[in-house]
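Values reported hereafter were calculated over all heavy atoms of this structure, with side chains retained and with hydrogens, waters and symmetry mates removed. In what follows, chains carry the letters A, B, and so on, assigned in the order in which the sequence lines appear, proteins first and then strands, with residues in each chain numbered from 1.
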Amino acid sequence: MRWSQSFIPTMKEIPADAEIPSHQLMLRAGLIRQVMAGAYTYLPLGWRAIRKVEAIVRSEMERAGAIELFMPALCPAELWEQTGRIDDYGNALVNFPLVRGDRQIHVVLGPTHEEVVTDLMARQIKSYKQLPITVFQIQTKFRNEERPRFGVLRTSEFQMKDAYSFGTDLEQLNVAYDQMFAAYCRIFARCGLEYLTVEAESGPIGGDASHEFMVPADNGEDEIVHCHSCGYAANTERAEIGRPVPAIATPETMAELSTRQTPGTTSIEQVSQMLACDPSRIIKTLIYSVDDSTVAVLLRGDHEANQSKIRRALNGDTIELADPATIEQVSGAPVGFAGPVGLGCPILADHDIVTIVDAISGANQVDAHFTGVNIGRDFTLETSHDLRMAIGDDPCPRCDGTLQLARGIEVGHVFKLGTKYSTALSAEYLDEKEKKHPMVMGCYGIGINRIVAGMAETSHDENGLIWPLAIAPFEVLVIPLNINDDQVMATADRIYDDLRSEGLDVLMDDRKARPGFKFKDGDLIGIPLRVVIGGKGLADGVVELKWRTDEDSQRVPIDEAIASIRQQVRDRQAAEAETVPE
RNA sequence: CGGGACGUAGCUCAGCCUGGCAGAGCGCCGGCUUUGGGAGCCGGAAGUCGCAGGUUCAAAUCCUGUCGUCCCGACCA
């Protein structure tokens, strides 16, 4: 591609609306332009990168035995009613009525395609002999993000590869899952991304039924913990904490329980200031409504509640903080003064509550807190639970190591679905004995755009993007320094043609611009290998090669240039491939 | 959905407090010079100051409303 005939609008200045590096650089390098909050046009450079990623994803899916098909984004809402997800998704689901003659049909734009694919398989698969099968598509998905952000990291419309496996039983599911998991590792490695596999909420199947693939990045939306000793990694909201379960005992020596007036102190911070104590000595008492009952959750003042853990500890379906009326009813005080002493509802305590001696807690009366609160004397516990968010330096649940905090961009998710959708949509097969069973499913998603954005976010320097060869929009950038110099242009044209006939993706900056301008733009768009043809070099019979990742350039005789580039690109490809697991 | 910020030329922004001719740099167009890290000089085009209403002799500027964008939080199989 000749730059003058392409469409690569670069920007020297940083757009005011972009805050994180990937967003700024993707705008400045001419990869994307915003259409509205949460929707972007992919310009030629950005789209080429997307397609490179798609090609890698496609080849690895096929290598893993998945079959490509293509489902419509437009689906009947009826299918979504059958699985109940039309309510579960709520406002995030893009759905609207369509008028067709005198009828009105209710449609959704798919945020994912379990319903459509399961309905398809329900109609086409009758026998165990047709299973297992895994299908996939690469397609535009729609989710009405209430708050799109971070450029293309969180948008309402995005490219996703979604795959679905159908099998006769858990064993076939596990095989498919492992194949997909391995394929994902190869995909992210081939794309040149650093990634972590993270344990995620496992749903109804339990065990190791779900993993997320995260690109570590300071601006990532997800907070994860990671153990460097054993490799355990998990979303903080899912992360287990390897704390020993403390024995519940009444302390041998303790202070008297006394009441302190604490007018207006409804937050941990205010209480710790007014009573001059560390937040870790305060018992934070949160009143939750879980399904239809009310329960108090005790946490150390410096810890954060993990609602998923609380919900699971109670075997509940829904959980939310209780409303002020309920809180007043069970504690006898307005919000902010609840405590475990004499509380009118069941109590659930985190492990770390057990070891606090002479704690401070709300007194269940307005503007008052207790000091000297102790287990056994002032309130009772039979057991304790893991109810809080993991934090840095928590003990690893799998080994002796400690957990480190990190942030990550979720680029992939594999999930064992089980029979949720096959049951709801009657996707059943007959076994050898003519007995009907629901198919056992798995689903596997990859955010194509997020791979590109994740790369931009993690691979750049002060001058611009730095692409790996594997997903770079172009592999080689040829720069004739002065297009008015016939000898320079003739040489550049020849090199450009020869490289293209070698099968390389070549961009030639044939614009009428000064050298410095072209160098700056070249660095900004981050093409891996730069070939400079200039008058000075030609006088010495050389052209100049420079990798975007290198400090210095190489001077190569003109007639060796093509062979050298071919070889260096091959070497680089081989080096990038070294990280790809078997 | 709660909190905050911003909206003036294609981009970055000044002007607003204290009402009185619509500005700068970059980019763009034409010309000349220049040609190895975002060139120089000369000339030029370009804005319904987000939109609507109000106050005023007079509004980019003050007031009210509204729309949009960004950030923090809630939400996000």
Side-chain angles (χ1 to χ4, degrees), chain A residues 9-20 23-24 27-28 30 33-39 80 83-93 110-115 141-151 153-156 158 160 162 164 200-205 209-210 212 219 221-222 235 237-238 304 307-308 320-321 410 413-418 420-421 424 441-445 447 462-464 479-485 488 509 511-525 530 532-540 542-544 546 553 555:
Chain A
T10 57
M11 281 188 274
K12 188 157 72 170
E13 313 231 34
I14 300 170
D17 281 345
E19 199 138 300
I20 64 172
H23 192 193
Q24 294 176 349
L27 286 165
R28 289 186 55 212
R33 283 295 181 271
Q34 186 175 47
V35 177
M36 62 179 206
W80 287 72
T83 58
R85 284 213 298 177
I86 197 153
D87 297 321
D88 296 348
Y89 254 96
N91 192 37
L93 188 69
T112 169
H113 275 71
E114 280 84 356
E115 279 80 0
K141 303 291 184 190
F142 298 87
R143 291 181 196 180
N144 177 35
E145 291 297 343
E146 302 212 10
R147 196 189 147 207
R149 64 186 112 174
F150 299 149
L153 278 178
R154 188 164 198 80
T155 55
S156 288
F158 52 96
M160 178 164 142
D162 47 328
Y164 306 91
E201 178 127 43
S202 52
I205 301 262
S210 176
E212 291 168 337
N219 287 307
E221 283 193 285
D222 294 276
N235 222 307
E237 51 196 40
R238 325 272 190 237
E304 292 265 353
Q307 293 199 1
S308 301
E320 57 183 351
L321 277 170
E410 182 187 349
H413 195 167
V414 291
F415 199 94
K416 294 182 187 176
L417 286 174
K420 175 181 172 183
Y421 295 93
M441 296 172 54
C443 71
Y444 318 92
E462 66 279 8
N463 293 315
I479 303 184
L481 284 186
N482 182 355
I483 64 165
N484 295 323
D485 181 321
V488 166
D509 190 350
R511 293 175 300 174
K512 182 178 187 302
R514 296 166 61 83
F517 189 91
K518 292 186 176 186
F519 289 142
K520 286 290 187 189
D521 256 0
D523 286 346
L524 179 58
I525 68 172
R530 186 181 81 185
V532 171
I533 297 109
K536 289 185 188 170
L538 288 193
D540 298 339
V542 299
V543 297
E544 230 170 77
K546 180 180 170 298
S553 58
R555 286 160 63 86

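- Here A:Glu114 pairs with A:Arg85 in a salt bridge; the nearest charged N to carboxylate O distance falls below 4.0 Å.
- B:rU56 and B:rG47 have their P atoms separated by 32 Å, with the value rounded to a whole Å.
- For B:rC11, neither phosphate oxygen OP1 nor OP2 lies less than 4.0 angstrom from any side-chain nitrogen or oxygen of A:Arg28.
- In this structure, B:rC70 and B:rG4 make a Watson-Crick or G-U wobble pair, each of the two defining distances being under 3.5 angstrom.
- When the C1' atom is used for both B:rG68 and B:rA77, the distance is 31 Å, rounded to whole Å.
- Between the P atoms of B:rA45 and B:rG50, the separation comes to 24 Å (whole Å).
- Residues A:Thr155 and A:Glu145 are not in side-chain contact: their nearest non-hydrogen atoms beyond the backbone lie 4.5 Å or more apart.
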Below 3.5 Å between N/O atoms, which protein atoms pair up with nucleotides 5-9 of chain B? Just atom names and distances, please.
none

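- Toward the 5' end of RNA chain B, the nearer of the two residues A:Gly38 and A:Met11, judged by each one's closest nucleotide, is A:Met11.
- Across every strand in view, B:rA58 sits unpaired, with no contact that passes the Watson-Crick or G-U test at under 3.5 angstrom.
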Pull out every protein N or O sitting under 3.5 Å from an N or O of nucleotides 25-30 of chain B, one pair per line with the distance.
unit_1, atom_1, unit_2, atom_2, d
B:rG25, N2, A:Glu13, OE2, 2.7

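- A:Ala92 comes within 4.0 angstrom of no nucleic acid atom, judged by non-hydrogen atoms across all strands.
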Verdict with supporting geometry, A:Leu93 and A:Trp80, side-chain contact (heavy atoms from CB on, under 4.5 Å): CA-CA 10 Å; A:Leu93 188 69; A:Trp80 287 72; 3.8 Å; yes

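- Counting distance only, with no hydrogens placed and no angle test, the side-chain atoms of A:Asp523 and the base atoms of B:rG37 include a donor-acceptor pair under 3.5 Å.
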Please write out the pairs of protein N or O atoms and N or O atoms of nucleotides 66-69 of chain B separated by less than 3.5 Å, giving the distance to one decimal.
unit_1, atom_1, unit_2, atom_2, d
B:rU69, OP1, A:Ala37, N, 3.0
B:rU69, O2', A:Asp17, OD1, 3.2
B:rU69, O2', A:Asp17, OD2, 2.7

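- Side-chain contact between A:Asn144 and A:Tyr89 is absent, with no heavy atoms from C-beta onward closer than 4.5 Å.
- B:rC32 is paired with B:rG40 under the criterion used here, namely a Watson-Crick or G-U wobble arrangement in which both key atom distances are under 3.5 Å.
- Using atom P as the reference point in both B:rA22 and B:rA59, the two lie 11 Å apart (nearest Å).
- In this structure, B:rG10 and B:rC26 make a Watson-Crick or G-U wobble pair, each of the two defining distances being under 3.5 angstrom.
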